[in-house]
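Quick note on labels: first sequence line is chain A, next is B, and so on, each numbered from 1.
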Amino acid sequence: MHDFELHAPDSIHEAVEILAEHGGSTRVLAGGTALTTMVKQSLVRPDHIVSLHRVPGWSHVARLGPEINIGMLATHRAIETSPLIREHAPLLADTYAQVATVRIRSMATVGGGIAHGDPAQDPLPTLLALNARVRLLSATGERQVPVGDLFRDFFDTDIGPDELLIEVQVPAQPHDLEGVYLKFLPRSEDDYATVGVAALARVERGRFQEARVALGAVGPVPLRATAVEQALQGRKADAATVRKAAELVGDLVDPVDDARGSADYKRDMAVVFTRRALEQVAGIPR
Amino acid sequence: MTTEPRSVNVRLTVNGTPREAAVPVYRTLVDLLRYDLGLTGTKEACGVGVCGACTVVVNGNLTASCITLAFKADGATVETVEGMARDGELHPLQASFIEHGGFQCGACTPGQLVAAKALLDSNPEPTEDEVRRWMSGNLCRCTGYAQILDAIVKATAAREA
């Protein structure tokens, strides 16, 4: 592995000062599951690494009014096992529980998993569907960005080289909004998704009062399927409506051929898993 | 241009014993354990966090030591397979792996044991399904997994007896 200058700040403010000074040649290290692997394989060669292992706190999971705030250093495992998340955003707990293996979930952080910008990360569609935001801190100030506006391309985000993702803010999942994250795993339990679909729905008097759908692993960025949502809004919650709406996904996705399936196969499976997810949250028998 | 790699001092407690090593900043935890501290029980196989051979416990958390930079373990408590046997007495899981043939070549076994111990430490009576899910991150190319599953489930039963 190549040499780099190590910075181990004692606070987030010290961390962003270092980012302001060294910017583009710097990578932030949290859990390390993604960055260490990429550095080992020479996929990235940062001159500076800012490791957050000495930063106290910022692993909180707290409820603040209608929102849940998650510190950047909370692990995937902490979200999976948090009673507060289980009560106020069960879809988030169910989704984080499906990432990789318990070993990786015990290391990987919520902030790192988002900032990594890999469109195959399971939590991203769920965070999109829950309308989550992130707080980005820099030496000159702070801004908040909806997760839906954060991703630009494969591994490319709107997070500036001088910015640190410090917190995720997730609106609580209303108790009458049923949610599911379906991960298609044709190979093995610990794999990345071939396609991943997050869906939420509220059905009243047999009609969709609300529906939200987002997908991962189907293109350069995680995707909110608003066309599908609009096709469901106010419509009868039956198999025919869901089938027709799910078919719209085929035109929205832009998957790549890889070991997890051809682009054509993933496009077809995106439709199938969107339909299944919607059937499940709307209580439509298959 | 520096010719010497940048060095960092790492102090940690391994299996209850304080240890210290000066290592390059890019040293991984598995290499620190094996080459700086001589604890060769922990193996590196895939090198990218997937296979589980390098599994150790850091501050109570399951960790892939092949994708953990050693400096992150400064001040940490680390448990490896060498810490499982006590006073010459095998850990019940180790005994169960022997009894039920939970290994063949043995390369994955230290990681299997450390992962299984972490499961039983946090969940002393796991269901078979919970064992399967928890252990899904530890690959074995010899046994076909049935014996490993058997060894862990029977160790659970032995504990309860």
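Put simply, of A/Asp190, A/Leu6, A/Thr101, the one with the most heavy-atom pairs under 4.5 Å next to chain B is A/Leu6. Taking B/Gly52, B/Pro24, B/Ala115 one by one and counting their heavy-atom pairs under 4.5 Å with chain A, the maximum is reached by B/Gly52. Of the listed residues (B/Gly47, B/Ala118, B/Ala64, B/Ser136), the one with the most heavy-atom contacts under 4.5 Å to chain A is B/Ala64. Counting heavy-atom pairs under 4.5 Å between each of A/Ile104, A/Thr37, A/Leu29 and chain B puts A/Thr37 at the top. Comparing B/Arg27, B/Arg132, B/Arg133 by how many heavy-atom pairs each has under 4.5 Å with chain A, the most go to B/Arg133. Of all the listed residues (A/Glu189, A/Met38, A/Arg105, A/Lys40), the one sharing the greatest number of non-hydrogen pairs under 4.5 Å with chain B is A/Lys40.
In this structure, the portion of A/Gln41 lying under 4.5 Å from any heavy atom of chain B is its side chain and not its backbone. With a 4.5 Å cut-off on non-hydrogen atoms, A/Leu35 does not touch chain B at all. Neither the backbone nor the side chain of B/Val57 comes within contact range of chain A; no heavy atoms are under 4.5 Å apart.
A donor-acceptor pair shorter than 3.5 Å can be found between the side chains of A/Tyr181 and A/Asp122. Counting only N and O atoms by type, the side chains of B/Asn15 and B/Thr80 include a donor and acceptor under 3.5 Å apart. For the residue pair B/Asn61 / B/Thr63, no side-chain donor-acceptor distance below 3.5 Å is found, with atom types taken as modelled.
Judged as a side chain to side chain donor-acceptor pair (under 3.5 Å), the pairs with a partner in residues 69-78 of chain A (not counting sequence neighbours) are, in order, A/Arg77-A/Glu80. Pairs engaging residues 34-57 of chain A under the ring-ring contact (aromatic ring centres under 6.0 Å, His included) rule: A/His7-A/His48, A/His22-A/His48, A/His53-B/Phe71 [sequence neighbours left out].
Rounding to the nearest 0.5 angstrom, the gap separating the CG atom in B/Leu33 from the CG atom in B/Leu29 is 4.5 Å. The structure places OG1 of A/Thr95 at 11.0 Å from CD1 of A/Ile85, a figure rounded to the nearest 0.5 Å.
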